[in-house]
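Since the structure comes first, as structure tokens, the remarks are kept for the end.
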Amino acid sequence: MDEIDSNSPVRVRFSPAPTGYLHVGSARSALFNWMYARHTGGVMVLRIEDTDADRSRPELIDAIHESLSWLGIDWDEEYLQSERFDQYLEAAQSFLDKGLAYRCDCSQEASRARAEARGGKPGYDGFCRDRDVQPGEGVVIRFRTPDEGVTAWDDLIRGRVEFQNSELEDFVIVRSSGVPMFHVANAYDDLDMGITHVVRGEDLVNTVPRVLLLRAALGATDQPTFAHLPLIVNEKRQKLSKRRDDVSVGDYVNKGFLSEAMRNYLLTLGWSAKDDAEILPIEEFVAQFELSDINKAPAFFDIKKLEHFNSEYIRALSVEDFIERSIPFAGDVDPALYGRLAELVQGRIKRLDEIPALLEWVVGDAPEPSEKDWRKVMGKDGVPEVLDLVIERLAACAWTPESLEEVVFGVGKELDTKTQLPVRLALTGVRFGLPLFEPMAELDRDLVISRLTTARARL
RNA sequence: GCCCCCAUCGUUCAGUGGCCUAGGACACUGCCCUUUCACGGCAGGAACACGGGUUCGAAUCCCGUUGGGGGUACCA
């Protein structure tokens with residue numbers, strides 16, 4: 001088979017099955033497809049592979065649109081396979097007419113039983129190849145795979161991959177329900193839509209021979225260029241799974257990751273820019289993106305590193321942008337107050353969902369200090385004197401950040417000790433957090449004094 | 001079981017026969033800055049899975065071993 005003419009414009013496709021959410025692995029496939037399309041000035045096709053009956057509900061597809069858009073991935077054309085069944089069925093009929101496919105009425109149990117009897121090798125044995133089964137209840141259409149020869153392709157990432165045709169069973173292309181299956185739809189559409197590059201996860205490699213055989217049966221004499229991406233794995237080096245891992249892009253939206261950070265991180269899994277740069281505007285990555293530069297080994301989805309990217313992107317935001325994008329995470333805070341404190345928040349979070357904890361003592365009650373913190377901070381010599389003096393001066397001082405700082409630090413200088421920590425713990429309940437005096441000035445004088453007095457009484 | 005694939009610091013990416021006493025980033029440790037935390041600065045520990053070849057020379061090429069993963073549906 002020939003390669004598709006390399007002068008023809010690039011057409012790539014992202015073809016998810018609608019599952020109600022977008023998997024981060026799929027998101028990365030979409031991203032690499034998109035980057036390649038944009039890099040080459042080609043076309044990005046979104047093709048929803050909803051040949052499975054209960055996966056063609058519109059709300060499941062919305063979730064995909066939403067996540068792709070969130071990531072800033074757009075597409076030029078969109079197709080739904082469920083709207084193209086006629087064409088796949090027509091193709092299947094032509095295979096039947098040409099003797100390239102046949103009907104089969106074997107139940108799954110029967111073929112499994114025969115496989116077992118044969119000696120444990122799973123797979124359909126071609127039982128109905130020449131039985132001339134007629135259409136009817138429980139009848140599927142199977143593709144007749146060659147018994148010898150090899151099917152191979154040159155993968156842009158993996159190099160040459162070959163399969164013995166004898167390893168392939170006669171697989172089902174039309175279900176007994178009359179609904180066509182993934183392989184035919186996939187082969188038909190890639191040909192029909194003029195897809196030049198197939199970029200997807202490595203878990204799909206073993207479907208390539210079937211799709212290639214189907215494509216040839218459809219009359220094609222060429223094949224698209226394949227690029228099979230390494231999988232994204234969890235800490236146990238297994239493919240990310242819905243059951244044990246957070247796999248949906250939406251999960252990360254909810255955890256307070258910025259879309260740019262997510263997109264930037266995703267593209268560093270398996271690929272990198274020339275000069276070791278890891279965080280760049282997407283255009284610069286797109287400009288130098290090549291499929292053939294992608295790594296072969298699976299990559300661990302490291303949330304720590306994602307958080308690092310996220311904090312970089314958060315800090316790069318203007319304060320106005322930060323406020324706008326973070327306020328949905330801020331919880332029950334007066335927007336004006338949040339606006340005044342946002343800059344202090346911005347510099348010290350890795351994720352937007354950390355904001356409520358930082359603001360807790362400002363907008364609500366301060367959490368109870370831990371026993372350990374209390375002992376460590378309040379157990380020091382001189383703390384009672386510090387609190388007494390601070391409380392006394394707070395009663396009369398001006399209520400501005402500067403003035404408050406002057407009071408607290410002034411006491412420190414007089415007593416020759418550090419005063420921030422005991423005041424902070426008494427006021428906020430924790431040893432770390434926002435700079436103290438700006439938020440403190442937002443609180444009522446009475447409240448501040450009462451918290452300090454309560455703490456003093458505990459000593 | 002069978003088929004396919006993978007293998008550089010804990011993680012990720014760089015390295016495509018000599019520039020490698022293997023580099024960057026994250027994470028980690030220490031110090032500095034700082035009356036919190038974070039940021040920032042400096043320093044540090046940390047890897048070519050193993051065994052054979054090929055070659056004057058191998059992290060880079062070949063073979064094997066080991067380890068890991070993916071697939072094996074009337075899912076995609």
Side-chain angles (χ1 to χ4, degrees), chain A residues 15-19 26 49-55 81 104 106-108 111-112 119-124 138-142 155 157-159 161-164 166-169 171-183 185-186 200-209 228 230-231 233 235-239 265 268-279 293 295-309 311 315 344-350 358 377 405 408-409 411-413 417-425 428 430-436:
Chain A
S15 29
T19 50
S26 304
E49 306 216 322
D50 55 350
T51 52
D52 191 359
D54 38 83
R55 290 193 191 178
Q81 288 190 329
C104 164
C106 297
S107 68
Q108 293 178 71
S111 39
R112 207 174 301 130
K121 281 187 186 146
Y124 182 71
V139 172
V140 301
I141 300 175
R142 286 183 185 274
D155 198 283
I157 297 174
R158 260 140 241 288
V161 185
E162 297 186 345
F163 282 83
Q164 296 295 322
S166 57
E167 295 294 339
L168 269 33
E169 63 177 323
F171 55 94
V172 174
I173 54 175
V174 179
R175 298 169 167 90
S176 57
S177 63
V179 176
M181 285 194 65
F182 154 73
H183 299 104
N186 192 274
R200 19 106 103 143
E202 195 204 340
D203 49 342
L204 273 319
V205 272
N206 62 329
T207 69
V208 176
H228 284 95
L231 260 20
V233 298
E235 60 287 338
K236 290 157 84 178
R237 305 248 116 214
Q238 294 162 324
K239 174 166 115 168
Y265 175 65
T268 66
L269 292 179
W271 182 78
S272 69
K274 287 281 166 263
D275 52 356
D276 274 337
E278 288 190 313
I279 298 182
D293 290 337
N295 233 137
K296 293 195 261 202
F300 169 57
F301 189 87
D302 186 357
I303 198 157
K304 282 266 174 39
K305 183 122 186 193
L306 207 210
E307 287 177 341
H308 167 72
F309 276 49
S311 66
R315 275 182 277 120
L344 305 179
V345 172
Q346 184 178 187
R348 64 204 75 226
I349 54 169
K350 289 186 163 75
L358 234 32
V377 175
E405 177 170 343
V408 175
F409 285 178
V411 168
K413 284 196 183 85
T417 181
K418 290 183 181 176
T419 53
Q420 179 173 175
L421 232 26
V423 173
R424 175 178 285 278
L425 193 66
T428 76
V430 285
R431 294 170 50 205
F432 51 84
L434 260 24
L436 193 56

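This one's a predicted model, so the numbers in the text were calculated from it and none came from an experiment. Numbered from 1 within each chain, the chains take letters A, B, ... in sequence-line order.
Nearer the 5' end of RNA chain B, as judged by each residue's closest nucleotide, is the contact made by A:Lys350, out of A:Glu169 and A:Lys350. Toward the 5′ end of RNA chain B lies the nearest nucleotide of A:Arg424, the other residue of the pair A:Arg424 and A:Ser15 mapping further downstream.
A:Glu162 comes within 4.0 angstrom of the backbone, heavy atoms only, and of no base. A:Val140 comes within 4.0 angstrom of a nucleotide base, judged by non-hydrogen atoms across all strands. Nucleic acid contact class of A:Gln108 (heavy atoms, under 4.0 Å, all strands): base. Using a 4.0 Å heavy-atom criterion, one finds that A:Ile349 contacts no nucleic acid atom at all. Within the nucleic acid shown, A:Leu436 has no heavy atom closer than 4.0 Å to any nucleic acid atom. Nucleic acid contact for A:Leu434: base, since at least one base atom lies under 4.0 Å from a heavy atom of the residue.
Annotation: B:G41 and B:A59 have their P atoms spaced 34 Å apart (nearest Å). The same atom, C1', is picked in B:A47 and in B:U60; the two are 15 Å apart, to the nearest Å. Between B:G45 and B:G70, the distance separating the two C1' atoms is 35 Å to the nearest Å. Rounded to whole Å, the separation between the C1' atoms of B:G51 and B:G23 comes to 28 Å. Going from the P atom of B:C2 to that of B:C9 covers 30 Å, rounded to whole Å. Taking the P atom of each, B:A76 and B:G18 are spaced 48 Å apart, rounded to whole Å. The gap from the P atom of B:C26 to that of B:G40 amounts to 8 Å, rounded to the nearest Å. To the nearest whole angstrom, the two P atoms, one in B:C13 and one in B:A49, are 15 Å apart.
B:A7 and B:U66 make up a base pair, with Watson-Crick or G-U wobble contacts both under 3.5 Å. The nucleotide B:A14 finds no pairing partner, because no Watson-Crick or G-U wobble arrangement with both distances shorter than 3.5 Å includes it. Summarising the base pairing, B:G44 is matched to B:C28 through a Watson-Crick or G-U wobble pair whose two defining distances lie under 3.5 Å. Using the Watson-Crick or G-U wobble rule with both distances under 3.5 Å, B:G1 pairs with B:U72.
The CZ-P distance, from A:Phe182 to B:C75, rounds to 12 Å in whole Å. Between the C1' atom of B:C74 and the CZ atom of A:Arg175 lies a distance of 6 Å, rounded to the nearest Å. Atom CD in A:Gln420 sits about 8 Å away from atom P in B:C37, given to the nearest Å. Rounding to whole angstrom units, CD of residue A:Gln164 and C1' of B:U72 are separated by 17 Å. Going from atom CZ of A:Arg431 over to atom P of B:U35 covers 17 Å, rounded to whole Å. Spacing between atom NZ of A:Lys239 and atom P of B:G68 amounts to 19 Å, rounded to whole angstrom units. For A:His183 and B:U72, the NE2 to C1' distance is 11 Å, given to the nearest whole Å. Atom CZ of A:Phe163 is separated from atom P of B:C4 by 7 Å (rounded to the nearest Å).
Among the nucleotides B:C74, B:G40, B:U35, the one closest to the side chain of A:Phe409 is B:U35. Across B:C75, B:C39, B:A7, the shortest atom-to-atom separation from the side chain of A:Met181 is found for B:C75. Checking B:C4, B:A76, B:C6 against every side-chain atom of A:Arg158, the shortest atom distance belongs to B:C6. The side chain of A:Glu49 approaches B:A76 more closely than any other nucleotide in the set B:A76, B:U35, B:G69. Which of B:C4, B:U36, B:G70 sits closest to the side chain of A:Asp203 comes down to B:G70.
Between A:Thr268 and A:Glu278 the shortest heavy-atom distance is CG2-O, 4.0 Å.
Put simply, the side chain of A:Glu202 reaches to within 4.5 Å of the side chain of A:Leu231, judged on heavy atoms. With contacts defined as side-chain heavy-atom distances shorter than 4.5 Å, the pair A:Pro230/A:Arg158 qualifies. Proximity of A:Leu306 to A:Phe301: side-chain heavy atoms (C-beta onward) are separated by under 4.5 Å at one or more points. Taking the side chain as every heavy atom from C-beta outward, A:Val140 and A:Met181 never approach each other to under 4.5 Å. Residues A:Pro435 and A:Arg348 form a side-chain contact, since some pair of their non-hydrogen atoms from C-beta on lies under 4.5 Å apart. Side-chain atoms of A:Asp52 and A:Phe182, non-hydrogen and from C-beta on, never get closer than 4.5 Å to each other. Between A:Phe432 and A:Arg424 the shortest side-chain heavy-atom distance does not fall below 4.5 Å.
A sub-4.0 Å separation between OP1 or OP2 of B:A76 and a side-chain N or O of A:Thr51 is present. Remark: A:Lys304 is not in phosphate contact with B:A27, judged by side-chain N or O atoms under 4.0 Å from OP1 or OP2.
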A:Ile349 and A:Leu358: CA distance, side-chain angles, deciding distance, side chain to side chain contact (heavy atoms under 4.5 Å, CB included) verdict: CA-CA 9 Å; A:Ile349 54 169; A:Leu358 234 32; 3.5 Å; yes
Is there a salt bridge (Lys or Arg N to Asp or Glu O under 4.0 Å) between A:Asp293 and A:Lys274 once you walk through the steps? CA-CA 10 Å; A:Asp293 290 337; A:Lys274 287 281 166 263; 3.6 Å; yes
Using atom names, set out every protein N or O paired with an N or O of nucleotides 12-16 of chain B below 3.5 Å, distance rounded to 0.1 Å.
| from | atom 1 | to | atom 2 | distance (Å) |
| --- | --- | --- | --- | --- |
| B:U12 | OP1 | A:Arg237 | NH2 | 2.2 |
| B:U12 | OP1 | A:Phe300 | N | 3.0 |
| B:C13 | OP1 | A:Gly270 | N | 3.0 |
| B:C13 | O3' | A:Ser272 | OG | 3.3 |
| B:C13 | O2' | A:Ser272 | OG | 2.6 |
| B:A14 | OP2 | A:Asn295 | OD1 | 2.7 |

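No hydrogens or angles were tested; on distance alone, nothing pairs the side chain of A:Arg348 with the base of B:C39 as donor and acceptor under 3.5 Å.
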